**Student:** 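I am attaching a structure below and will ask some questions about it afterwards.
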Amino acid sequence: MGNHPLGLVIRNVSKRYANGVQALNNVSLDIPPGMYGLLGPNGAGKSTLMRTLATLQEPDEGQIFLGDIDVVNQKEAVRQTLGYLPQEFGVYPKASAEELLDYFAVLKGITNRALRRATTEALLKQTNLWDKRKQKLGGYSGGMRQRFGVAVALLGNPSLLIVDEPTAGLDPAERVRFLNLLSELGENSVVILSTHIVEDVSELCTNMAIINQGQILLEAQPLEAVAALKGHIWRKLTDKLTLPALEQEHRIISAKLLSGRTLVHVYSPEMPGNGFELAEPDLEDVYFSAMTGCFGVASEQPKAEGILL
Ligand code: ADP
């Protein structure tokens, strides 16, 4: 795949489960090296796409290329260069981090003892677990477990790293630590972060896509997407009871509680009146605008860059 030897190219991927749920509907994405955010609500199809990229399941239709590797048909080649941190993973509670990482390193084929020792030491330091390496994993906090998961996923220096909903169960401090760790990962590999948390993407990712009901709603660079919304988002602090009336007249993209009142954001290219004032857009506005159909379209063009209005 010529131009992006290290990138991931996804073309027209669809998946329908036996129960009739269309989890992925003609998904096409170009994912360059670096941090990529796949943002969408629960049930959007993120895990299905992540598991498909990780060769754990097959699409009904479509093609996926990681550089020159045909992901659907060359699973072994993918697995050799893949790091996958699933949404939930088990650890052996009685093993220490050092022991279990060493064990996984053996499974990964690092048979040379000195090399294995150097590799696991470097990873435990990188994930900030070196001081806790002798501690049993059963006593680890959620954040420590996630960082241990990253250490495991990074064994063998993968060129594709997939992290599925990693911050969901973390407290704010653990979350920041975890995102910092991800941000330090190499820029030469593809790192895909699947999440329903807008801040994960805004803080970390240079490229992203928004997915809902199995379809890509927007493929963009977060900063450009936010800039493109400038002048289109208006806000008003109001009473919850006025919402139905406002809904009749405006395209409300979000309404959330703020100190007991309701902060409404609407999408409008023109001044909406009604006491609305111009808001400085952020990625949450991009997300809700896309989710409510105000902004962005599914990208049909293979080389779509930035925003498609
Ligand atoms: P997300 O990760 O964004 O929450 P998923 O990929 O897990 O989304 O799920 C997408 C849709 O597919 C949901 O409606 C979910 O209920 C359904 N789904 C996921 N896995 C299966 C499965 N193994 N069998 C049937 N339906 C599934």
Side-chain angles (χ1 to χ4, degrees), residues 35 37-38 42 46-48 50-51 53-57 75-76 78-186 189-197 199-201 203-205:
M35 289 288 317
L38 183 70
N42 287 332
K46 301 183 298 296
S47 288
T48 300
M50 297 303 100
R51 286 197 304 263
L53 298 177
T55 74
L56 298 175
Q57 63 184 65
K75 294 194 179 59
E76 266 317 306
V78 177
R79 287 169 193 165
Q80 278 173 19
T81 189
L82 170 76
Y84 176 51
L85 179 59
Q87 218 166 332
E88 283 171 22
F89 64 98
V91 292
Y92 303 91
K94 292 193 174 143
S96 72
E98 189 174 46
E99 287 163 350
L100 194 58
L101 189 59
D102 182 73
Y103 173 74
F104 281 124
V106 174
L107 293 185
K108 199 81 192 179
I110 310 175
T111 48
N112 179 300
R113 229 168 150 243
L115 176 62
R116 205 163 67 237
R117 186 173 271 273
T119 304
T120 54
E121 181 177 333
L123 286 172
L124 288 168
K125 285 183 173 162
Q126 189 182 352
T127 51
N128 228 329
L129 293 171
W130 181 246
D131 294 344
K132 304 279 184 341
R133 67 189 183 280
K134 309 262 183 224
Q135 199 173 311
K136 296 208 180 331
L137 289 161
Y140 267 27
S141 70
M144 287 161 72
R145 258 205 307 277
Q146 288 294 60
R147 280 185 278 133
F148 178 73
V150 171
V152 174
L154 286 176
L155 279 168
N157 212 1
S159 58
L160 173 61
L161 179 66
I162 294 172
V163 253
D164 197 0
E165 296 269 3
T167 61
L170 304 187
D171 70 37
E174 284 179 328
R175 185 179 154 272
V176 167
R177 248 185 143 161
F178 186 81
L179 293 182
N180 280 336
L181 167 63
L182 286 188
S183 74
E184 285 160 13
L185 298 179
S189 51
V190 175
V191 183
I192 305 178
L193 169 70
S194 128
T195 183
H196 64 274
I197 302 170
E199 287 80 20
D200 284 354
V201 175
E203 287 164 26
L204 215 56
C205 301

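Not measured: the values here are computed from a predicted model. Starting from 1, each residue takes its place in the sequence as its number.
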**Student:** As an exercise, state the distance from CG of L53 to CG of L38, rounded to the nearest 0.5 Å.
**Tutor:**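 Between L53 CG and L38 CG, I get 9.0 Å after rounding to 0.5 Å.
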**Student:** Go through the side-chain N and O atoms of Q135 and S96 and say whether any donor and acceptor fall under 3.5 Å apart.
**Tutor:**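 On atom types as modelled, these side chains do not qualify, holding no pair under 3.5 Å.
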**Student:** Quick one: does Q126's side chain get under 4.5 Å of L185's, heavy atoms only?
**Tutor:**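 SC-SC contact between Q126 and L185 confirmed.
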**Student:** R117: which residues meet the salt bridge (Lys or Arg N to Asp or Glu O under 4.0 Å) condition with it, sequence neighbours left out?
**Tutor:**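 If we apply the salt bridge (Lys or Arg N to Asp or Glu O under 4.0 Å) test to R117, skipping adjacent residues, there are no hits.
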**Student:** Any Lys/Arg nitrogen of E76 or R79 sitting under 4.0 Å from an Asp/Glu carboxylate oxygen of the other?
**Tutor:** yes
**Student:** Between CD of E174 and CD of Q146, what distance do you get to the nearest 0.5 Å?
**Tutor:**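 Taking CD in E174 and CD in Q146, the distance rounds to 9.0 Å.
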**Student:** Does any non-hydrogen side-chain atom of Y140 lie less than 4.5 Å from one of L129?
**Tutor:**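 L129 reaches Y140 side chain to side chain.
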**Student:** So, taking the atom named CG in L160 and the one named CD in Q80, what distance separates them when rounded to the nearest 0.5 Å?
**Tutor:**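 Taking CG in L160 and CD in Q80, the distance rounds to 13.5 Å.
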**Student:** Does the side chain to side chain contact (heavy atoms under 4.5 Å, CB included) test come out yes or no for V91 and F148, once each step is laid out?
**Tutor:** CA-CA 9 Å; V91 292; F148 178 73; 4.3 Å; yes
**Student:** Using every non-hydrogen atom in the two residues, find where A153 and P158 come nearest and quote the distance to one decimal.
**Tutor:**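 The pair with the smallest heavy-atom distance is O-CG, 3.4 Å.
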**Student:** Partners of K134 by salt bridge (Lys or Arg N to Asp or Glu O under 4.0 Å), sequence neighbours excluded?
**Tutor:**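 With sequence neighbours excluded, K134 shows a salt bridge (Lys or Arg N to Asp or Glu O under 4.0 Å) to E98, given in chain and number order.
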**Student:** Quick one: salt bridge (Lys or Arg N to Asp or Glu O under 4.0 Å) pairs with a partner in residues 123-132, sequence neighbours left out?
**Tutor:** E121-K125
**Student:** Below 4.5 Å, heavy atoms only, C-beta onward: do F178 and L170 meet side chain to side chain?
**Tutor:** yes
**Student:** Between atom CG of L85 and atom CE of M50, what is the distance when rounded to the nearest 0.5 Å?
**Tutor:**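 Here the interatomic distance stands at 12.5 Å.
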**Student:** Can you tell me how far apart CZ (R147) and CG (L181) are? Round to the nearest 0.5 Å.
**Tutor:** 7.5 Å
**Student:** CZ of R51 to OH of Y84: how many Å apart, nearest 0.5 Å?
**Tutor:**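 Atom-to-atom, R51:CZ and Y84:OH are 6.5 Å apart.
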**Student:** Ignoring hydrogens and angles, write down the donor-acceptor pairs under 3.5 Å from the side chains of residues 161-169, residues two or more places apart or on other chains.
**Tutor:**
from: D164; atom 1: OD1; to: S194; atom 2: OG; distance (Å): 2.6
from: D164; atom 1: OD2; to: S47; atom 2: OG; distance (Å): 2.8
from: E165; atom 1: OE1; to: H196; atom 2: ND1; distance (Å): 2.8
from: E165; atom 1: OE2; to: K46; atom 2: NZ; distance (Å): 3.4
from: E165; atom 1: OE2; to: H196; atom 2: ND1; distance (Å): 3.4
from: T167; atom 1: OG1; to: D200; atom 2: OD2; distance (Å): 2.5

**Student:** Kindly list each side-chain donor-acceptor pair under 3.5 angstrom involving residues 100-110, sequence neighbours excluded, with atom names and distances?
**Tutor:**
from: D102; atom 1: OD1; to: R116; atom 2: NE; distance (Å): 2.9
from: K108; atom 1: NZ; to: L82; atom 2: O; distance (Å): 3.3

**Student:** Could you check T120 against L123 for side chain to side chain contact (heavy atoms under 4.5 Å, CB included), going step by step and ending with a plain yes or no?
**Tutor:** CA-CA 5 Å; T120 54; L123 286 172; 5.7 Å; no
**Student:** Between T81 and S159, is any pair of side-chain heavy atoms under 4.5 Å apart?
**Tutor:**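 Side chain of T81 against side chain of S159, heavy atoms only: contact under 4.5 Å found.
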**Student:** Measuring only between side-chain heavy atoms, which start at C-beta, is Y92 closer than 4.5 Å to K136?
**Tutor:**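 Sidechains of K136 and Y92: no contact.
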**Student:** Enumerate the residue pairs fulfilling side-chain hydrogen bond (donor to acceptor under 3.5 Å, both in side chains) with a member in residues 149-158, sequence neighbours excluded, ordered by first and then second residue.
**Tutor:** none
